[in-house]
Each structure stands twice: as C-alpha cells, then as structure tokens.
Amino acid sequence: MRAVRVLVATLTLCLAGCGQDGVEPKQWAKQVCVALTPWRAEIADLTSKAQQQLQAAKTPAQTKTNIVELLSGAEASSEKARAGVDGAGVPRVDDGQQVAERFTASLAKARDAYGNAKRTVSGIPTDNAKTFYGEVGKAFSTLKDEYERSAIDPAHVGPSDLQKAFDEVPECR
C-alpha cells in the first residue's frame with residue numbers, strides 16, 4: 001500500500017511540475033497534419049462535386065438536396081478532422097494546452113459553420129425559386145463569415161519550436 005501511495009505522489013508531482021507531459025512537437029505536428037490533409041482534400045472534393053451537381057440541378061428542390069449533402073459531408077469531415085487533431089494530444093511546448101485547444105476549437109467552429117448552413121438551407125422552402133436562391137446566398141454568406149472566423153493564422157500556430165516542427169515535418173508540406 002505504501003508503494004502505491006509513493007507512486008501516486010510521484011506521478012502527481014511529476015505531472016504538476018516535471019513538464020515532461022505532452023507530445024514532442026514534431027510528432028504532434030505530424031499527427032495534426034495527418035488529420036488535416038484528408039479534411040482539406042475532402043472539402044475541395046465536396047465543393048467540386050457540388051458545383052457539378054448544382055449545374056445539373058433543374059429545380060430548387062434538386063439544388064437544395066445537393067447543397068444539404070455538401071454541407072452535411074463538410075460538417076462530418078470537419079468533425080473527423082477535429083477528433084483527429086484532438087487525438088494528437090498536447091504538444092510539449094510552452095502553452096501547449098492552449099495551442100491544442102485552439103486547433104480543436106477552430107475545427108469545431110468550422111464544423112459548426114457547416115452544420116448551421118446545412119440546417120438553414122434545409123429549412124428554406126423551394127416553392128419560390130427567386131426567394132430560395134436569395135436565401136441560399138445569405139446562408140452561404142453567413143457560412144463564409146463563420147468559417148473565416150474559425151481559421152487559425154498559419155504564421156502564428158504557437159511557439160517557434162512548434163512552428164519549426166510544422167515546417168520540417170513532411171506530412172505538413
């Protein structure tokens with residue numbers, strides 16, 4: 001029993017003060033980029049497919065279906081990327097916890113922006129084409145604003161050792 005108490009006390013002290021917790025910057029950057037690369041590709045692919053489908057759509061109802069599918073896919077992809085970045089842990093750098101939280105919060109905001117737009121477009125009636133397309137335009141304007149507010153400035157991802165890791169890791173190029 002005494003050995004267990006000593007082990008718990010040692011672990012508690014180390015976690016509080018040793019500073020050795022967290023993931024090495026290069027490993028963290030690699031895991032983050034591995035999570036973000038497919039997300040970026042999927043968003044680009046969904047956008048391309050949506051443009052093709054929108055050109056082929058003959059009615060507001062078809063357009064609505066295509067847009068909702070695009071937004072749903074982007075929302076799901078953003079959540080998958082957020083979970084991947086969250087799974088990367090905390091980088092072992094100054095303010096590593098805040099850096100990790102900023103990344104996951106950014107992706108959560110992107111996910112929520114797509115989800116908000118999806119719900120908005122889902123609720124737009126399709127009986128009047130002019131009104132429908134006007135409301136879709138407003139939904140996408142809001143999406144753009146929310147998405148831009150979610151972005152992390154790549155020049156300021158965190159401490160210089162983390163920025164250096166992002167610059168050096170092949171998965172981030």
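All of these numbers come straight from a predicted model, not from anything done at the bench. Positions are given from 1, in the same order as the sequence printed here.
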Can you list everything that forms a salt bridge (Lys or Arg N to Asp or Glu O under 4.0 Å) with Lys109? Sequence neighbours excluded, please.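 Checked Lys109 against salt bridge (Lys or Arg N to Asp or Glu O under 4.0 Å); zero matches.
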Under 3.5 Å, is there a donor on one side chain and an acceptor on the other for Gln97 and Glu101?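 Per modelled atom types, Gln97 and Glu101 side chains form a pair under 3.5 Å.
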Identify all side-chain donor-acceptor contacts of residues 27-35 below 3.5 Å with residues at least two apart in sequence or on another chain.
residue	atom	partner	partner atom	Å
Trp28	NE1	Gly89	O	2.9

If the threshold is 4.0 Å, N to carboxylate O, is there a salt bridge linking Arg149 and Asp145?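 No, no charged N to carboxylate O under 4.0 Å.
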SB check Arg111 Glu75 (cutoff 4.0 Å):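 Salt bridge absent between Arg111 and Glu75.
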Hydrophobic cluster membership, Val23 vs Ile152, 4.5 Å side-chain cutoff: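 In one cluster with Val23: Ile152, yes.
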Using the rule that two of Ile, Leu, Val, Met, Phe, Trp, Tyr join whenever any of their side-chain heavy atoms come within less than 4.5 Å, decide whether Val157 and Val93 are in one cluster.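 Yes, same cluster.
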If you compare all heavy atoms of [X] against all heavy atoms of [Y], which two are closest, and at what distance to 0.1 Å?
{"X": "Tyr114", "Y": "Ile43", "result": "OH-CG2, 3.7 Å"}
{"X": "Leu107", "Y": "Val85", "result": "CD1-CG2, 3.5 Å"}
{"X": "Asp112", "Y": "Glu146", "result": "O-OE1, 4.5 Å"}
{"X": "Pro25", "Y": "Leu162", "result": "O-CD1, 3.9 Å"}
{"X": "Val99", "Y": "Gly158", "result": "CG2-CA, 4.1 Å"}

All N/O donor-acceptor pairs, side-chain side in residues 59-69, below 3.5 Å, sequence neighbours left out:
residue	atom	partner	partner atom	Å
Thr59	OG1	Ala61	N	3.4
Thr59	OG1	Gln62	N	3.0
Gln62	OE1	Lys58	N	2.4
Gln62	OE1	Thr59	N	3.2
Thr63	OG1	Thr59	O	3.1
Thr63	OG1	Tyr133	OH	3.0
Lys64	NZ	Ser122	O	2.8
Lys64	NZ	Ile124	O	2.8
Thr65	OG1	Ala61	O	3.1
Asn66	ND2	Gln53	O	3.2
Asn66	ND2	Gln62	O	3.4

Between atom [atom1] of [X] and atom [atom2] of [Y], what is the distance when rounded to the nearest 0.5 Å?
{"X": "Gln163", "Y": "Phe166", "atom1": "CD", "atom2": "CZ", "answer": "8.0 Å"}
{"X": "Thr120", "Y": "Leu143", "atom1": "OG1", "atom2": "CG", "answer": "9.5 Å"}
{"X": "Asn116", "Y": "Thr142", "atom1": "CG", "atom2": "OG1", "answer": "9.0 Å"}
{"X": "Gln52", "Y": "Gln55", "atom1": "CD", "atom2": "CD", "answer": "7.5 Å"}

[X] side chain to [Y] main-chain N or O, any donor-acceptor pair under 3.5 Å?
{"X": "Ser150", "Y": "Tyr147", "result": "yes"}
{"X": "Asn128", "Y": "Thr131", "result": "yes"}
{"X": "Arg40", "Y": "Leu36", "result": "no"}
{"X": "Ser78", "Y": "Ala74", "result": "yes"}
{"X": "Ser77", "Y": "Gly73", "result": "no"}

